[in-house]
Amino acid sequence: MIPYGRQQIDQADIDAVVATLQSDWLTQGPAIARFERAIAEHCEARHAVAVCNATAALHIACLALDLGPGELLWTTPNTFVASANCGRYCGADVDFVDIDPRTWNMCPQQLARKLEAAALAGRLPKIVVPVAFSGQSCDMARIRELSRQYGFYVIEDASHAVGASYRGRPVGCGDYADMTIFSFHPVKIITTGEGGLILTNRDDLAERLARLRSHGITRDAALMQGESDGPWYYQQLELGYNYRMTDIQAALGYSQWQRLETFLARRRALAARYDVLLTDLPLQLPHRQADAESAWHLYVVRVQGGLDHRKVFDALRMAGIGVNLHYIPVHTQPYYQSLGFKQGDYPEAERYYAEAISLPMYAALQDGEQDQVVAALRQAIAA
Ligand SMILES: *Cc1c(COP(=O)(O)O)cnc(C)c1O
């Protein structure tokens, strides 16, 4: 089976993990700080805060902005459930903005229209979470403009977009978002096994995030109420969590990070090859924005021309191609239906879901394997 995504681990990664196992630190220590610094520098952001996964990153990003009950978070239905769940963890209400049928990202026109109506109704969102679907940025300049106009915060879920760029600057630089989230799950661009990270240029948010990932505790006497009792002393200032990444994971992540450009170049090459090899088939191929360089986490095609989506999908799986479908519209999940969302609420995301197939895309995928995928797809369509 050729999977849709997988990690690439080399001897340097293994050596880095073993070296950490033999060191004095296993949980959060010097490897975390080094990993955070490397990513912050590359992304031209002031701060990076590493955590145990991107879901935890989204959660404490919302908490750092004091999201709470009665308030609203908006995201896209074409995402992994975590982009919405982070709002629910804080007791806030979640709502969705439908996608652009071409980019498959949150539609900026729909966002503008929904904001206009929300302003009239007095129910504006506190946070909007645009998701850089498949690794390509949303129209972040427009979203930033709207955030200034309507006063909401932007948490960019760039779980797919590690190493991507937008308008000539790295995703995560903070030009268009208050915080940017990366995921290091094994199918993503680089991996730490499980892992996530938050980038921000705001000192206050970075300090708060670092505290929230570790029980809400500080050891900094300057931040304590009253005097410190002594060198052993810490204070819990608010309710936090244990969302720390281990040094073992960060050592793996740092080692992977050294090959970021290699990984991205391979993904770009595979995407370019798919574009050429699939050009004559009745498929909608990924749209390429002129102002964004995708990290190509996913390569999604939409079957067209009256093709039976399910038949094509099943034929590929039967042929040993581990295709997948990203994403089941979040609002159609039973949990979100129990909150009042229904089928038909976001028609573009639902139409997309009825046609989309994620083809294998990962740095270790060989040309010959990709040719096998294309041949199987051709056959599935011809059948
Ligand atoms: C993978 C992913 C997440 C969650 O990442 P974890 O690190 O697995 O918690 C969140 N949002 C999106 C868009 C993702 O693809």
Side-chain angles (χ1 to χ4, degrees), residues 3-7 35 39 48-63 73-90 94 96-97 99 103-106 127-138 140 143 154-164 171-172 177 179-199 209 212-213 241-246 249-250 252-253 256-257 267 286 294-300 324-331 333 335-336 349 352-353 356 358 361-362:
Y4 86 88
R6 62 160 288 143
Q7 70 279 11
F35 185 48
I39 296 182
V49 179
V51 291
C52 55
N53 56 61
T55 305
L58 285 161
H59 182 193
I60 60 172
C62 290
L63 286 176
L73 176 145
W74 289 3
T75 188
T76 166
N78 186 31
T79 187
F80 186 55
V81 291
S83 318
N85 288 348
C86 56
R88 298 295 301 146
Y89 295 155
C90 300
V94 167
F96 303 92
V97 179
I99 61 169
T103 67
W104 313 332
N105 270 329
M106 178 184 283
I127 296 173
V128 173
V129 181
V131 177
F133 178 76
S134 77
Q136 183 163 250
S137 293
C138 298
M140 294 303 292
I143 292 170
V154 178
I155 299 175
E156 182 183 20
D157 185 345
S159 290
H160 300 183
V162 175
V171 167
M179 287 176 273
T180 298
I181 309 296
F182 286 167
S183 171
F184 308 125
H185 182 279
V187 295
K188 305 284 164 68
I189 309 297
I190 69 158
T191 191
T192 57
E194 293 276 0
L197 182 127
I198 307 140
L199 291 160
L209 291 165
L212 285 164
R213 85 173 150 189
Y241 298 82
N242 181 352
Y243 279 171
R244 293 187 299 266
M245 179 184 275
T246 67
Q249 293 168 305
L252 173 57
Q256 289 256 307
W257 185 255
R267 287 174 179 271
S294 177
W296 291 107
H297 164 53
L298 299 173
Y299 190 94
V300 173
N324 216 315
L325 210 176
H326 304 88
Y327 285 97
I328 306 157
V330 177
H331 70 282
Q333 294 290 351
Y335 172 72
Y336 283 94
Y352 165 89
Y353 175 59
S358 302
M361 169 55 90
Y362 50 92

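Atoms within a ligand are numbered from 1 in the order they appear, just like the ligands themselves.
- Listed by first and then second residue, the side-chain hydrogen bond (donor to acceptor under 3.5 Å, both in side chains) pairs that reach into residues 79-90 are Thr79-Ser83, Ser83-Asp157, Asn85-Tyr336, Arg88-Tyr335, sequence neighbours excluded.
- Distance alone, capped at 3.5 Å, places no donor-acceptor pair between the Gln256 side chain and the Thr192 backbone.
- In this structure, Ala54 and Phe182 approach most closely via the heavy-atom pair CB-O, 3.6 Å.
- Between Gly196 and ligand 1 there is no heavy-atom distance shorter than 4.0 Å.
- Each of the following atoms of ligand 1 lies closer than 4.0 Å to a heavy atom of Ala54: 4 (C), 5 (O), 6 (P), 7 (O), 9 (O).
- Within the set His59, His185, Lys188, the minimum heavy-atom distance to atom 14 (C) of ligand 1 is found for Lys188.
- Which parts of ligand 1 touch Gly195 is read off a 4.0 Å heavy-atom cut-off, strictly below it: atoms 7 (O).
- Of all protein heavy atoms, the one lying nearest to atom 15 (O) of ligand 1 is His160 NE2, 2.7 Å.
- Looking at Cys52, Ser159, Ala56, it is Ser159 that brings a heavy atom closest to atom 10 (C) of ligand 1.
- Nearest protein heavy-atom neighbour of atom 11 (N) of ligand 1: Asp157 OD2, 2.7 Å.
- Annotation: side-chain contact (heavy atoms from CB on, under 4.5 Å) contacts of Ala161 (sequence neighbours excluded): Ala132, Ala158, Ala164, Val171.
- Here's the thing with Tyr327: one of its N/O atoms is less than 3.5 angstrom from an N/O atom of ligand 1.
- Less than 4.0 angstrom separates some heavy atom of Val131 from each of these atoms of ligand 1: 13 (C).
- Atom CZ of residue Phe133 and atom NE2 of residue His326 lie 8.0 Å apart, to the nearest 0.5 angstrom.
- For ligand 1 and Thr79, the ligand atoms under 4.0 Å from any heavy atom of the residue are 13 (C).
- Nearest residue to atom 4 (C) of ligand 1 from Asn78, Thr55, Thr76 is Thr55 (criterion: closest heavy atom).
- Residue Ser137 comes nearest to Glu156 through the heavy atom pair OG-OE2, 4.2 Å, listed as atom of the first residue, atom of the second, then distance.
- Residue-ligand proximity, Ser183 to ligand 1, at heavy-atom distances under 4.0 Å covers atoms 1 (C), 5 (O), 6 (P), 7 (O).
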